[in-house]
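Owing to the predicted nature of the structure, the values given are computational and were not obtained by experimental measurement. Counting begins at 1 with the first residue of the sequence.
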Amino acid sequence: MTKAASEAKPPVNAYGWAARDSSGVLSPFHFTRRANSDDDITVKILYCGICHGDIHLVKNKIWPTLYPTVPGHEIVGQVTRIGKNVTKFRVGDIAGVGCIVGSCGSCDNCKQDLENYCPKMLWTFQGQHEDGTRAFGGYSDNMVVEDRYAVLIPNGFALAGTAPLLCAGITVYSPLKHFGLSKPATHLGVVGLGGLGHMAVKFAKAFGVKVTVVSSSPSKKKEAVERLGADSFLISHDQEQLETAMGTMDGIIDTVSGPHPLLPLIGLLKTSGKLILVGAPIEPPELPVFPIIMGRKLIAGSAMGGLKETQEMIDFAAKHNVTADVEVVPMDYVNTALDRLDKGDVKYRFVIDVANTINNHDEASP
């Protein structure tokens with residue numbers, strides 16, 4: 001065994017905040033991550049965004065959560081160690097890690113840089129690596145990840161505002177590109193003005209797209225138009241406004257995660273228009289088939305993006321200064337932040353200042 005291999009063998013001690021059961025309450029947690037192998041980088045986590053999906057995870061709402069669980073999949077940090085096969089990163093670089101830390105690498109999706117659709121995709125915060133070690137998320141002081149599943153953050157990019165791009169940003173960027181909704185002549189509707197929605201507006205405007213925000217909250221009109229730069233605003237329950245806008249949009253990005261009717265949105269689309277669902281409501285929506293048939297309209301879904309596209313998104317965002325609007329909070333505020341997020345009380349994304357506020361001298365809860 002070489003000296004490099006022997007140095008990489010020991011597991012990496014880590015400290016974070018974990019939920020132990022479906023109450024979703026997080027508390028300090030000491031654990032270990034797998035050793036830094038030849039293809040891995042070790043990252044000192046600087047910032048980690050708080051996503052609505054973290055609430056689903058800690059409260060066991062989508063799939064059987066493996067407890068204890070450390071949430072967090074919008075991670076920005078500094079590279080502190082690299083394996084001998086790593087060429088993409090150097091020690092000191094800033095790396096970003098999103099929702100994915102593993103895939104098979106050989107299926108058709110992986111070969112097309114669509115690791116996010118790999119049947120064997122490994123979530124950053126849930127499941128096990130091939131060696132049997134647990135996957136833990138970014139509410140922690142460090143992370144070990146294969147370099148393939150990390151992206152390089154350009155120098156000088158605002159890191160707190162960059163963290164949410166690793167999930168919220170790529171989740172709206174990917175369908176804008178894939179479904180041809182990033183062309184300047186396009187008229188795009190953005191449903192919901194939360195963590196995903198405000199990113200959709202920012203990216204669309206950076207592409208030069210005409211944007212109409214559709215929201216149930218009239219109070220968000222000034223924010224959408226005057227600050228985020230949307231071209232117009234529709235109140236989703238105002239029938240007169242909806243009728244005036246019928247048949248005017250080439251596509252709609254629907255970011256709402258709660259139950260809501262799809263029929264009014266389908267009516268806003270032009271012939272051959274596209275309604276793209278990214279908000280992932282747990283309750284299945286009612287699907288009105290006849291208006292889809294008569295307008296040759298498309299309803300589709302989109303999940304995050306592959307690593308190649310995520311790097312493309314980060315580079316585009318850096319070039320056009322697209323970052324999330326964030327409220328930066330300390331690590332010990334995380335339970336309050338999750339409660340506020342569940343009530344929609346944030347504009348628009350919480351980000352944990354991990355490096356400056358995590359205290360690894362706390363005792364881990366039993």
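Shown here for G305 and I100, the closest heavy-atom pair between the two residues is O-CD1, 3.9 Å. A pairwise comparison of heavy atoms in L234 and M249 identifies CD1-CE, 3.9 Å as the closest pair. When all heavy atoms of V144 and V12 are compared, the pair lying nearest together is CG2-CG2, 3.7 Å. Of all heavy-atom pairs between I299 and L287, the closest is CD1-CD1, 3.3 Å. Heavy atoms only, all atoms of each residue included: N359 and Y15 are closest at O-OH, 2.8 Å.
Inspection of the E223 and Y348 side chains reveals an N or O donor paired with an N or O acceptor under 3.5 Å. Side chain to side chain, S27 and R20 meet the donor-acceptor criterion of an N or O pair below 3.5 Å. Side chains of T162 and T323: a donor-acceptor N/O pair is absent below 3.5 angstrom, by distance only. In this structure, a donor-acceptor pair under 3.5 Å is absent between the side chains of H187 and D231. Inspection of the S272 and R296 side chains reveals an N or O donor paired with an N or O acceptor under 3.5 Å. S103 and Y149 share a donor-acceptor pair across their side chains, judged by distance under 3.5 Å alone. For the residue pair D108/Q112, the side-chain donor-acceptor check at 3.5 Å is not satisfied. Side chains of S23 and D21: a donor on one and an acceptor on the other come within 3.5 Å. Counted by atom type alone, D40 and S37 present one or more donor-acceptor pairs between their side chains at under 3.5 Å.
D250 is linked by a salt bridge (Lys or Arg N to Asp or Glu O under 4.0 Å) to K270, counting only residues two or more places apart in sequence or in another chain.
Checked for salt-bridge contact, K202 and D325 meet the test: a charged N lies under 4.0 Å from a carboxylate O. The pair K308-E115 does not meet the salt-bridge criterion, since no charged nitrogen lies less than 4.0 angstrom from a carboxylate oxygen.
Heavy-atom contacts from other residues, nucleotides or ligands closer than 6.0 Å to CZ of R227 number more than 12. Remark: N155 CG is loosely packed, at most 12 non-hydrogen atoms of other residues, nucleotides or ligands lying under 6.0 Å away. In this structure, K61 places its NZ atom where more than 12 heavy-atom neighbours from other residues, nucleotides or ligands lie under 6.0 Å away. Heavy atoms of other residues, nucleotides or ligands lying less than 6.0 angstrom from NZ of K120 number 12 at most. Counted within 6.0 Å of NZ on K44, heavy atoms from surrounding residues, nucleotides or ligands total 12 or fewer; the atom is thus considered open.
For the pair S232 (side chain) and T212 (backbone), a donor-acceptor distance under 3.5 Å is absent. A distance-only check finds no donor-acceptor pair linking the side chain of H320 to the backbone of A317 [under 3.5 Å]. Between the side chain of T65 and the backbone N or O of V58 there is no donor-acceptor pair closer than 3.5 Å.
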Please lay out, stage by stage, how K221 and E226 fare under the test salt bridge (Lys or Arg N to Asp or Glu O under 4.0 Å). CA-CA 8 Å; K221 180 177 181 179; E226 295 184 12; over 6 Å; no

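Aromatic rings of F136 and F31 (six-membered ring for Trp) have centroids within the 6.0 Å cut-off, being under it. A ring-centre distance under 6.0 Å is found for F316 and F207.
Taking CZ from F179 and CG from L298, the interatomic distance works out to 6.0 Å, rounded to the nearest 0.5 Å. If you take CG on D342 and CG on D54, they are separated by 11.5 Å, rounding to the nearest 0.5 Å.
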